[in-house]
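Report on one structure; see the data block that follows.
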Amino acid sequence: MKLKLLNVLTVSLVTLAILSPGIIVFNLIWGRHIELVKTQNLSCQVTKIKKDYSPLSLQPESINTPQFPANKKLSQHNFFVQLQILAEQYKIATILQWLVLCTPIGIGFGILGYDRYLVYRAAVLKAQVEMLERLWQQSIEQ
């Protein structure tokens, strides 16, 4: 049973090691694609705003109102908040990728280490039993 589990785990680890570069590259490309789509959506929104903004639609009184700097500050603040949220999401995604990659490898090394530890303990126990048998034989001979 242990041998089958070890074989399955070994095959899984080798498969993961072979596929992990492809998975990482796919994740990087997919992330860049998502950024490109968001940038395209933002550029479409900017062009829509520019089309809606025409000099004829503005009245001379509305140009002097302090609405435009306030709106500009709010939109810049909103942009920076969205940028910070994207940066945090990228950090979380990177951490999750490393966890997904390292967890099976860590479990495999843990199983291998525990198996080596059991072999070591069996050898120590065997040596102790042999020493006790020799002492017992010596006490019988005396």
Side-chain angles (χ1 to χ4, degrees), residues 1-59 62-142:
M1 181 67 181
K2 285 185 182 181
L3 187 60
K4 287 184 180 182
L5 180 65
L6 186 62
N7 287 341
V8 168
L9 192 61
T10 304
V11 169
S12 300
L13 285 175
V14 169
T15 304
L16 182 66
I18 290 171
L19 294 179
S20 63
I23 292 170
I24 292 171
V25 168
F26 178 76
N27 285 335
L28 288 174
I29 292 172
W30 186 254
R32 300 291 183 200
H33 172 71
I34 296 297
E35 290 174 9
L36 177 67
V37 169
K38 287 180 182 178
T39 305
Q40 287 175 345
N41 288 339
L42 288 175
S43 68
C44 289
Q45 290 175 356
V46 168
T47 55
K48 183 180 177 186
I49 290 171
K50 285 184 180 180
K51 287 180 183 178
D52 291 344
Y53 174 76
S54 66
L56 298 176
S57 66
L58 290 176
Q59 301 297 328
S62 66
I63 294 174
N64 295 331
T65 58
Q67 295 177 18
F68 291 105
N71 287 340
K72 189 174 182 182
K73 286 182 182 178
L74 285 175
S75 66
Q76 285 178 351
H77 177 70
N78 191 18
F79 175 73
F80 287 121
V81 168
Q82 288 178 351
L83 201 64
Q84 288 175 347
I85 291 171
L86 285 175
E88 290 175 6
Q89 288 175 349
Y90 179 74
K91 288 178 186 176
I92 290 171
T94 303
I95 290 170
L96 288 176
Q97 287 174 352
W98 280 108
L99 281 176
V100 166
L101 184 67
C102 292
T103 300
I105 294 171
I107 290 172
F109 281 133
I111 290 173
L112 288 174
Y114 183 69
D115 191 38
R116 298 290 181 186
Y117 173 73
L118 288 178
V119 169
Y120 166 76
R121 290 295 301 157
V124 168
L125 182 63
K126 185 177 178 181
Q128 288 175 346
V129 167
E130 287 175 357
M131 184 179 65
L132 287 174
E133 285 178 351
R134 276 185 278 146
L135 288 174
W136 182 63
Q137 286 292 339
Q138 287 176 0
S139 67
I140 290 177
E141 291 173 358
Q142 293 179 356

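Side-chain atoms are counted along with the backbone in the values below, which use heavy atoms only and exclude waters and symmetry mates. Please read these numbers as outputs of a predicted model, since none were measured by experiment. Each residue takes its place number in the sequence, starting with 1.
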Rounded to the nearest 0.5 Å, the NE2 atom of His33 sits from the CD1 atom of Ile29 at a distance of 11.5 Å
Supply the atom-to-atom distance Cys102 SG to Ile95 CD1, rounded to the nearest 0.5 angstrom. 12.0 Å
Got Arg116 and Val119 here, is their nearest side-chain heavy-atom distance under 4.5 Å? no
Nearest heavy-atom neighbours spanning Leu101 and Ile24: CD2-CD1, 4.3 Å
Return the OH to OH distance between Tyr117 and Tyr114, rounded to the nearest 0.5 Å. 8.0 Å
dist Ile18:CD1 -> Ile23:CD1 (nearest 0.5 Å) comes out at 11.5 Å
Least distance between heavy atoms, Pro104 atom then Leu99 atom: CD-O, 4.5 Å
Glu35 and Arg32: CA distance, side-chain angles, deciding distance, salt bridge (charged side-chain N to carboxylate O under 4.0 Å, His left out) verdict: CA-CA 5 Å; Glu35 290 174 9; Arg32 300 291 183 200; 3.6 Å; yes
Report the distance from atom CD of Gln128 to atom CD of Glu130, rounding to the nearest 0.5 Å. 11.0 Å
Would you check if the side chain of Ser139 reaches a backbone N or O of Trp136 as a donor-acceptor pair within less than 3.5 Å? yes
Parallel, tilted or perpendicular: ring planes of Trp30 versus Phe26, cut at 30 and 60 degrees: parallel
Between the CG atom in Leu96 and the CG atom in Asn27, the distance rounded to the nearest 0.5 Å is 10.5 Å
